[in-house]
Amino acid sequence: MKLYLGRLESSPPHQTRIVCDVEGKFVDVTLAYAAYLSQTTVNRASAYEVADFYLPQSIGAFLEGGEDSLKALEATVSFAHK
């Protein structure tokens with residue numbers, strides 16, 4: 001799996017996002033993980049905050065998350081395949 005750092009069309013110039021290729025489509029991993037969490041957890045109000053913690057906006061911060069961030073990424077990709 002390849003990860004890319006980029007910006008969304010609606011993003012401010014300084015705000016980057018981590019995206020991955022899922023079946024030929026680029027997926028913002030933070031937003032996709034937040035969607036996954038909102039469907040699978042009781043506390044939907046904090047889904048984006050939790051997603052941003054495990055799948056932050058920089059590759060460096062993502063790598064610092066270690067195994068927990070990798071598990072979140074795997075859950076996100078599995079969710080995006082559905």
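Note that the numbering runs from 1 along the sequence shown for the chain. What you are looking at is a predicted structure, and each value in this text was computed from that prediction instead of being measured.
Taking Glu67 as the reference, Leu70, Lys71 meet the side-chain contact (heavy atoms from CB on, under 4.5 Å) condition, with sequence neighbours excluded. Ser38 pairs by the side-chain contact (heavy atoms from CB on, under 4.5 Å) definition with Arg44, Ala47, not counting sequence neighbours. Every side-chain hydrogen bond (donor to acceptor under 3.5 Å, both in side chains) that Ser46 has, sequence neighbours left out, goes to Asn43. Every residue meeting the side-chain hydrogen bond (donor to acceptor under 3.5 Å, both in side chains) condition with Glu23, not counting sequence neighbours, appears here in chain and number order: His81.
Counting only residues at least two apart or on different chains, no ring-ring contact (aromatic ring centres under 6.0 Å, His included) pair has a member in residues 49-70.
A donor-acceptor pair is defined here as one N or O able to donate and one able to accept, closer than 3.5 Å; no such pair exists between the side chain of Ser78 and the backbone of Glu74.
Between the CG atom in Leu5 and the OG1 atom in Thr16 there is a gap of 4.0 Å [rounded to 0.5 Å].
Here the closest heavy-atom approach between residue Cys20 and residue Leu3 is recorded as CB-CD2, 3.7 Å. The two atoms that bring Asp52 and Gln57 nearest to each other are OD1-CG, 4.1 Å, heavy atoms only. Looking at every heavy atom in both residues, Ala80 comes nearest to Val22 through CB-CG1, 4.0 Å.
With hydrophobic clusters built from ILVMFWY side chains whose heavy atoms lie under 4.5 angstrom apart, Tyr4 does not share a cluster with Val77. By the criterion of side-chain heavy atoms lying less than 4.5 angstrom apart, applied directly or through intervening Ile, Leu, Val, Met, Phe, Trp or Tyr residues, Tyr36 is grouped together with Val50 in one hydrophobic cluster.
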Check: residues 27-35 side-chain donor-acceptor pairs under 3.5 Å, at least two apart:
from, atom 1, to, atom 2, distance (Å)
Asp28, OD1, Arg17, NH2, 3.4
Asp28, OD1, Thr30, N, 3.0
Asp28, OD1, Leu31, N, 3.1
Asp28, OD2, Arg17, NE, 2.8
Asp28, OD2, Arg17, NH2, 3.4
Thr30, OG1, Leu55, O, 2.4

